[in-house]
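The shown structure was predicted, so the numbers you read here are calculated from the model rather than taken from an experiment. Throughout, a chain's letter reflects where its sequence line sits, starting with A, and its residues are numbered from 1.
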Amino acid sequence: MLILKSKVLLIATILISAVSFHASAADDGKIYPGTMCQKSLGIGSYGGGTVRNDSNGGSLTVECPLVRDNMAGGIQDAEVRAYREDENDPIMCTINARSYYGTLGHQQYQWASNGGHYKTLSFSTINDYNNGAYYIWCAIPPSSGNDKSKVIGYRLDED
Amino acid sequence: MTKSKLVIYGSIVSTFFFFISVGIQSKTSHSNNVQDISSLSKDIDNVINSNQILLSQLRSELKLLKTQASEHSKTLDNLHQQSLNGNDGDLINSSQDETQLAQDVLGELPNEAELKQTELDQAKQVTSTLDNEMSNEPFDELWAPEMQATITATLQNTNFQGSDLLTVNCQSSLCRIDIEHENMNAEVEFLHNFVPTAGYTDTQTFFSRTVESDGRSVMTYYISRDGYAMPLLEEV
């Protein structure tokens with residue numbers, strides 16, 4: 001009887017593992033370091049996993065790639081973690097969902113200007129297109145000292 | 001031997017045989033149970049083996065798919081680079097060679113003409129849905145005229161000198177802007193900087209664009225009122 005129970009438990013374990021392996025491989029959240037962002041306009045550098053604005057006068061715009069696992073799914077939520085040297089400087093990011101050929105696009109904008117050096121910009125579900133790409137765009141405020149304004153990391157959770 | 005003794009002896013013998021037969025039946029039953037369990041155990045072993053084989057096959061297929069996806073990604077990068085060199089990054093005008101290469105690599109995906117047509121259909125569907133939403137909304141007399149004026153004034157900013165405003169219309173939660181950009185740089189400037197320049201802090205937008213042969217981009221752009229979400233559209 002004990003051997004019988006063990007075998008039934010083993011079968012159940014194998015079946016559950018096969019199902020959750022498939023599910024987890026497709027739709028888990030992903031976290032990216034700021035160093036994955038590409039500089040677009042402005043003066044910046046990379047270091048410590050972050051992308052930093054080296055200018056004391058202008059903002060640095062960056063485009064940060066997102067890997068889309070689920071071609072037919074959507075964006076559940078996303079966030080960007082950033083640091084501002086001057087806690088009164090605004091920081092703005094958008095999450096973008098483009099169509100396959102880029103002729104259609106949805107964007108959500110988030111803008112933080114209240115106090116606090118560290119800011120988390122949070123995005124909710126937006127419309128998207130099957131087989132289209134996602135990316136995040138940010139405008140990082142200027143830095144006047146050694147503790148530079150930067151994008152530290154960002155995250156995407158898919159449906 | 002008296003009759004009574006015969007009866008007694010007979011009873012003892014029959015009782016003896018009765019217990020023997022019960023014992024034989026229970027042994028048989030027990031033996032059957034053992035056989036059933038053994039048979040069930042073999043069935044379970046077979047299921048386990050089959051599942052292990054299936055799991056192994058699934059792992060192999062997943063590995064193959066990952067390799068193929070990686071190769072496709074490299075080929076798409078090459079295609080994108082080729083089209084960037086050709087015509088300002090507009091993938092819609094890719095050459096026949098690129099189309100053939102894409103089809104050879106991408107295999108089972110629908111052909112490019114079908115994909116383009118699908119996007120055009122999607123654009124019509126989304127703009128039609130958003131126009132219907134707007135026409136079903138009341139006109140907010142306090143917010144809408146002011147927002148239309150703000151949008152018009154913002155686009156006169158020198159940052160947007162490469163963009164021409166054609167029309168602007170706001171209702172109560174959405175505005176629609178029809179705008180033309182002289183080139184991709186002007187379009188990128190508009191897409192990233194119009195929203196903060198106009199003073200929005202929490203908004204969603206949708207655009208649909210077509211690129212003319214001279215590189216101009218003609219765009220229909222919807223923007224939600226600050227703090228409002230764009231209507232969630234049916235997945236296409």
Can you tell me which portion of A/Thr125 sits under 4.5 Å from chain B's heavy atoms? Options are side chain, backbone, both or neither. both
A/Tyr134 and its side chain to side chain contact (heavy atoms under 4.5 Å, CB included) partner, picked from A/Asn96, A/Ile95, A/Ile126, A/Ile75: A/Ile75
d(B/Asp164 CG, B/Gln161 CD) to nearest 0.5 Å is 11.0 Å
Per-residue contacts, residues 104-112 of chain A versus chain B, heavy atoms under 4.5 Å: A/Leu104, A/Gly105, A/His106, A/Gln107, A/Gln108, A/Tyr109, A/Gln110, A/Trp111
Checking B/Leu120 against chain A: side chain, backbone, both or neither under 4.5 Å from a heavy atom? neither
Take A/Asp77 and A/Ser124, measure what side chain to side chain donor-acceptor pair (under 3.5 Å) needs, and give me the verdict at the end. CA-CA 5 Å; A/Asp77 51 59; A/Ser124 53; over 6 Å; no
Shorter than 4.5 Å, heavy atoms on both sides: which option in B/Asp202, B/Leu191, B/Val195, B/Asn193 has the most such pairs with chain A? B/Val195
Plane angle bin for A/Tyr135 and B/His192 - parallel if under 30°, tilted between 30 and 60°, otherwise perpendicular: perpendicular
Whether B/Phe160 and B/Phe190 hold their rings parallel, tilted or perpendicular, with breakpoints at 30° and 60°: perpendicular
Parallel, tilted or perpendicular: rings of B/Phe194 and B/Tyr221 (30°, 60°): perpendicular
Value for OG (B/Ser208) from CE (B/Met219), rounded to nearest 0.5 Å, stands at 8.5 Å
